[in-house]
Each structure stands twice: as C-alpha cells, then as structure tokens.
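Every chain is numbered from 1, with letters handed out A, B, ... down the list of sequences. Values below: all heavy atoms of this structure, side chains included; hydrogens, waters and symmetry mates excluded.
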There are 2 protein chains.
Amino acid sequence: MRTIEELTEQVRNNGGKVTAQRLLIWQTLYNNRTHPTAEELYQKLKQGSPTLSLTTLYNTLNELASWGDIRRIDNGDGSIHYDPFVEPHVELVCLICHKVVDSQSKPALLSAPEEMDGFKIISHSEQYYGYCPVCRDTFNQIKK
Amino acid sequence: MRTIEELTEQVRNNGGKVTAQRLLIWQTLYNNRTHPTAEELYQKLKQGSPTLSLTTLYNTLNELASWGDIRRIDNGDGSIHYDPFVEPHVELVCLICHKVVDSQSKPALLSAPEEMDGFKIISHSEQYYGYCPVCRDTFNQIKK
DNA sequence: TACTTACTTATAATTATTATAAAATAAAAA
DNA sequence: TTTTTATTTTATAATAATTATAAGTAAGTA
C-alpha cells in the first residue's frame, strides 16, 4: 500500500476529496498485517469516529483495491478480508478452517512482468493450499 | 480434481455414500475449465435433475474444496467461483472488473513442497493482479 | 429384505454487500 | 473570506449468496 501522501495525491489528481474518513481508513490499514474484514475494521474505526458508515468503508476499500493498494482475500469464511501488504509474498490457505497465513518463505518470483496476456500487471502472490497445523488431524480423517 | 473412481473411494473410505447427486455434480465439474458459480452449476444440473437442492450442491462443493479437489475463486462479483483445475497454473485477476483468467504462461514453480510452515501442502497457484485488456482504459483514468 | 446411518430436500434464516437519495463538506472560484 | 459546486457521507432499504433446520429418502450392509 502506498503512503498516505501518495494516496492523497492519487485522490487529488482525479478531482477527488481527501476527507477525514478516507484518511482515517488509510491510516488504519497502513502497515496492518492482519487481513481484517470490513466488519472488523468498522468496529475498530467506530471507536474514534462513531458516525462512520459501513458504506463509506466499503467504498474506500473498493477504491483502494481498484488501485492495487490493497488486495481482497476470500478465505471462505463468508466475508472478504483485505490485505494492504501487496509486495510479493507467499500465502498459505487452509482447506478446512480457511485460515490464510502469510508464510515466512521467500516467493519464487520477486518481480512480476509488466504485462501478461494483455493484462497490465500491478502485483502478484503465490498461494499454497493445504491443511494448517491445527487441521492436520482432521485431514487424516477425511483424506483417506 | 481426482477421477470419479478416486472420489468414490474417498467417500466410501470415510463411511460415506456415493449418491446420484454426488456423482452428477462430480461429473459436471470434471474437466470443466470455466470457473462456474454455485448458481451457474445449479441451473445446469437442474435440467437433468429437477429436484436437486442448492444445499446439496453447496455441501458437495464444500466437501470437494476441503479435499483440495476444487478451489474457490473470489473474483469480486459477489459469488464464489469454483475451479476444478488445481494443477499449478497462473491466474490473472483484474483489479477493476474482477475477472479471473487462466494465463497461458507457465507457472514459476511446477511442484510444491510437501510441507511449509507447518502446513501440509496439497496444491498451489500463482496470481497476478492488474488491469485486463478491457479495463486498461479505465486504469489510465484512475491511476494518475 | 430389512435396518441403520448418512444424505437430500424444502423452507426459513442469516449475513455480507450494494443501491438510493438526502444532507454534509472539501476544495475551487469569486 | 464567502460562495459555489461537485464529491462524499450517512442512514436506510434492498439484494443476493450461503447456511441452518428438520423431516423424509436412499445407500450400503447384514
């Protein structure tokens, strides 16, 4: 995710307004490595800004996602998680409890091509699907 | 996705029953490369099996996902897409229209480690996020 | 064939996300 | 500074995907 200053420029360059709500949401996401959902962010943000609406939060998250500053993670628990850490990294996805964990392993590719099959590429990640330490026992029961 | 025979064994080995519904759903997914949603599958399946319920379809899809035979794809359009093609491959994700396209490019890693950070690994994929050919014009407007 | 347990169905409930329209406000213009 | 205007926010309502429940059905087994 870019810095607050760069995001400010991004909004201004497109005729947008740098509102208190946008700043608050940006600051809460910046350097956050916890993959929060919209609802989790909302509960946290409401403490400092009780009138903030969920719609605004969703609008701001969708906007950041369209710029490539955050990424959506579907971990299968019914709500979308957001990840402001968009540098190349490895994600581990549990097939049973749906947890998504950032791995400590280095990704195989450190840089992405600028273009692929007509797509302009902004970021990338590697995902490994399997059974987390907690669910490995369950795995032994279901994967026979 | 494993073959129908292997899935049959999988169910039987766990005290399950190979029902007409499971077979029908398995057969429809096998060799399918279109990333269908539950609803899309349901419309198709209902033609041959009018009393099939959405609940059964969801149950069967979740079951296949927990075995690693299919993978969930969140393309941001509000419903989960399912991908029975779980061999290593590259996916291109558009940040604007949320389309997810299988790339023709070879993945950087052809095989996954058996274990990573305590996870038992079943499959993996590479994802590249950016702007698809259709949305690249929009990109020029929003990414200033 | 009959029994047991797992599965399926129909229905209802839940919940995440988006649409809408009025009110508020940031930023540019006067 | 005040005014203006377009963008944004808010509150509310609507939508739609997915899951829970409970009664009925059928696969596998003896």
Side-chain angles (χ1 to χ4, degrees), chain A residues 4 7-26 28 35-43 45-46 48-66 70 72-82 96-98 141-142 144, chain B residues 4 7-26 28 35-43 45-46 48-66 70 72-82 96-98 141-142 144:
Chain A
I4 308 300
L7 293 173
T8 298
E9 237 189 301
Q10 165 76 53
V11 167
R12 293 247 169 86
N13 283 344
N14 288 281
K17 296 173 178 176
V18 178
T19 62
Q21 290 86 344
R22 274 199 176 110
L23 280 169
L24 182 66
I25 295 167
W26 293 347
T28 303
H35 304 171
T37 63
E39 189 58 36
E40 284 164 0
L41 285 167
Y42 186 56
Q43 292 309 323
L45 291 162
K46 262 208 315 199
S49 181
T51 65
L52 179 76
S53 71
L54 251 179
T55 305
T56 295
L57 178 54
Y58 274 108
N59 287 344
T60 306
L61 290 170
N62 286 336
E63 181 178 67
L64 287 168
S66 77
I70 62 178
R72 323 163 137 262
I73 297 178
D74 166 35
N75 78 354
D77 69 0
S79 28
I80 297 167
H81 295 242
Y82 296 90
I96 295 178
C97 72
H98 305 298
Q141 284 148 38
I142 67 163
K144 275 195 277 201
Chain B
I4 308 299
L7 293 174
T8 298
E9 238 190 300
Q10 165 76 52
V11 167
R12 293 245 168 87
N13 283 345
N14 287 283
K17 296 172 179 177
V18 179
T19 61
Q21 290 86 345
R22 274 198 176 113
L23 279 170
L24 181 67
I25 294 167
W26 293 349
T28 304
H35 304 170
T37 63
E39 190 58 36
E40 284 163 1
L41 285 168
Y42 187 55
Q43 293 308 324
L45 291 162
K46 262 208 313 199
S49 182
T51 65
L52 179 76
S53 71
L54 251 179
T55 304
T56 294
L57 178 54
Y58 275 109
N59 287 343
T60 305
L61 290 170
N62 286 337
E63 181 179 66
L64 287 168
S66 78
I70 63 177
R72 320 161 141 266
I73 297 178
D74 165 36
N75 78 353
D77 68 1
S79 28
I80 297 168
H81 295 242
Y82 295 90
I96 295 177
C97 72
H98 305 299
Q141 285 149 36
I142 67 164
K144 276 194 275 200

Exercise. For the pair B:Val11 and B:Thr19, evaluate side chain to side chain contact (heavy atoms under 4.5 Å, CB included) and give the outcome as yes or no after the intermediate values.
Key: CA-CA 10 Å; B:Val11 167; B:Thr19 61; over 6 Å; no
Exercise. Measure from CG on A:Asn62 to C1' on C:dT17 and round the result to the nearest Å.
Key: 9 Å
Quiz prompt | Spacing between B:Glu63 atom CD and C:dC7 atom P, to the nearest angstrom | solution = 7 Å
Listed pairs, N/O of protein and of nucleotides 21-26 of chain C, under 3.5 Å:
unit_1	atom_1	unit_2	atom_2	d
C:dA26	N3	A:Lys17	NZ	2.8

Quiz item: Mind checking whether B:Asn62 and B:Arg72 have side chains closer than 4.5 Å, heavy atoms only?
Solution: yes
Practice problem: Please report the closest heavy-atom contact between A:Trp26 and A:Thr60, naming both atoms and the distance. | Solution: NE1-CG2, 4.0 Å
Quiz item: Whole-Å distance between C:dT8 P and B:Lys46 NZ?
Solution: 18 Å
Quiz item: C:dT9 C1' sits how many Å from B:Ile25 CD1, rounded?
Solution: 13 Å
Self-check item: Relative orientation of the end axes in the helix from C:dT1-D:dA30 to C:dA30-D:dT1, expressed as an angle to the nearest 10° (five pairs per end)
Solution: 40°
Quiz item: Over how many whole Å does the gap from A:Asn14 atom CG to C:dA28 atom C1' extend?
Solution: 17 Å
Exercise. With sequence neighbours excluded, give me every salt bridge (Lys or Arg N to Asp or Glu O under 4.0 Å) pair touching residues 49-58 of chain B.
Key: none
Quiz item: Got a sec, which pairs hit salt bridge (Lys or Arg N to Asp or Glu O under 4.0 Å) with one end in residues 48-59 of chain A, sequence neighbours left out?
Solution: none
Self-check item: Where A:Glu40 and A:Pro36 come nearest, the two heavy atoms and their spacing
Solution: OE1-CA, 3.2 Å
Exercise. Ignoring hydrogens and angles, state whether a donor on the side chain of B:Asn59 or B:Arg22 is under 3.5 Å from an acceptor on the partner side chain.
Key: no
Quiz item: Just how far, in rounded Å, is C1' of C:dA10 from CG of B:Leu54?
Solution: 11 Å
Self-check item: Heavy-atom pair of closest approach, residues A:His81 and A:Ser79
Solution: CD2-O, 3.3 Å
Self-check item: chain B contact limits on DNA chain D, taken 5' to 3' with a cut-off of 4.0 angstrom to heavy atoms
Solution: D:dA17 to D:dG28
Self-check item: For A:Ala38 against A:Leu61, the heavy-atom pair lying closest together
Solution: CB-CD1, 4.1 Å
Quiz item: Within this structure, what is the CD1-to-C1' distance between A:Ile80 and C:dT18, rounded to whole angstrom?
Solution: 11 Å
Quiz item: Does B:Glu39 have any side-chain contact (heavy atoms from CB on, under 4.5 Å) partners at least two apart in sequence or in another chain, and if so, which?
Solution: B:Thr37, B:Tyr42, B:Gln43, B:Leu54
Quiz item: Which pair of heavy atoms, one from A:Leu52 and one from A:Thr56, lies closest together, and at what distance?
Solution: CD1-CG2, 4.1 Å
